[in-house]
Amino acid sequence: MRPGRLLAVTAIITLTAPAFAQEAPADALKAAETQVIAAWQSVQSARGVLNVAVQLDIEGLALPVEASGPFAYKNHEGKRLFRVDLDGDITAPAISPTGALPVQGVGVFDGAIAHFMTNMLFQKTVMRYKPEENELAIGGDALFKTLHEDCDLRLLPERSLNKVPCHVFEAVVREPGDDILEPVKWNLCFAKDTGLPLFVQAFDGRSRKIFSCYMTDIVLNPVLNLSRFSFVAPPDARVVEGDDFSQLIPIPR
């Protein structure tokens, strides 16, 4: 699956899902998808905290990143808007032997243009692009459409996260690429009552967990000002066009 599409989905989505289980019948898979999509469509807005852990491996250099921060979602005039602001640390002994370095990440979709910004390893980078229709929905029909296009999807046994019943899906990428940022398998837990992706984790071709995120402190249908979903690039940021998410990481090119 293309990194741009998957990381856009996972920039705002979210304990470990089972690694193996009997495959559910196709009708059970479809029924679970239908329930998640219907529940998601009932949510008009949401806010909470997103907690993210990423294991980067850049040219043999391991760079673990942990970050958290507020996310917001709003269904406005048929457009699905989102924003997430993450603050955390990146452990890079080769660069900073005395401690972790701060890292920031911002993702904003205003209904037309998507912006993703990282501030890491002393460089701010903003990626800007116009996604395909509904590509950046953080749940529901658009997410499952993307998964089915690029993955073999199966239903795993149900589980509860903080007493919230969830459907659990495993998605295996059919044609993995060579990109170091591109996962080959995903586990996704969706709340049955809201369709929110409460927990997500991804694995690389060596079965290493390279990404995980989960949602906490969720508030459903709050009043959210539209100004929250606007973004202006800082004047000292490097701005790149397109959906190549590897551009967000400051590595030699």
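Worth saying up front: this structure is predicted, and the values here are computed from it rather than measured. These numbers come from the heavy atoms of this one structure, side chains and all, not from hydrogens, waters or symmetry mates.
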| message | Checking D110 now: which residues fulfil salt bridge (charged side-chain N to carboxylate O under 4.0 Å, His left out) with it, not counting sequence neighbours? | response |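 For D110, no residue satisfies salt bridge (charged side-chain N to carboxylate O under 4.0 Å, His left out) once neighbours in sequence are set aside.
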| field | Sequence-distant partners of R128, salt bridge (charged side-chain N to carboxylate O under 4.0 Å, His left out), two or more places apart | value |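 R128 satisfies salt bridge (charged side-chain N to carboxylate O under 4.0 Å, His left out) with E241 only.
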Over all heavy atoms of both residues, which pair between [X] and [Y] is shortest? Give the atoms and the distance, please.
X	Y	result
V219	P222	O-CD, 3.5 Å
L156	N187	CD1-OD1, 4.3 Å
L155	V168	CD1-O, 3.3 Å
S207	F203	O-CD2, 3.8 Å
W186	P183	CZ2-CG, 3.4 Å
S42	N221	O-OD1, 4.4 Å

| task | Let me know which of D85, V84, D217, T216 forms a side-chain contact (heavy atoms from CB on, under 4.5 Å) with L50. | result |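 Filter result, single survivor: V84.
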| Between V36 and F144, is any pair of side-chain heavy atoms under 4.5 Å apart? |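 SC-SC contact between V36 and F144 confirmed.
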| message | Does any part of the side chain of Q55, heavy atoms only, come nearer than 4.5 Å to the side chain of R208, both counted from C-beta? | response |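 Answer no - side chains too far apart.
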| said: Is it the case that over 12 heavy atoms from other parts of the model lie below 6.0 angstrom from the NZ atom of K79? | reply: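 Open: at most 12 neighbouring heavy atoms sit under 6.0 Å from NZ of K79.
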| task | On the 0 to 90° scale, with breaks at 30° and 60°, tag the W40-Y73 ring pair as parallel, tilted or perpendicular. | result |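 It falls in the tilted class, 30° to 60°.
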| query | Using the ring of each side chain (for Trp, its six-membered ring), is F116 parallel, tilted or perpendicular to Y129, with breaks at 30° and 60°? | reply |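 Taking Y129 first and then F116, their aromatic rings lie parallel (interplane angle under 30°).
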| task | Identify, with sequence neighbours excluded, every residue that meets side-chain hydrogen bond (donor to acceptor under 3.5 Å, both in side chains) alongside D87. | result |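 Per chain and number, D87 pairs via side-chain hydrogen bond (donor to acceptor under 3.5 Å, both in side chains) with Q104.
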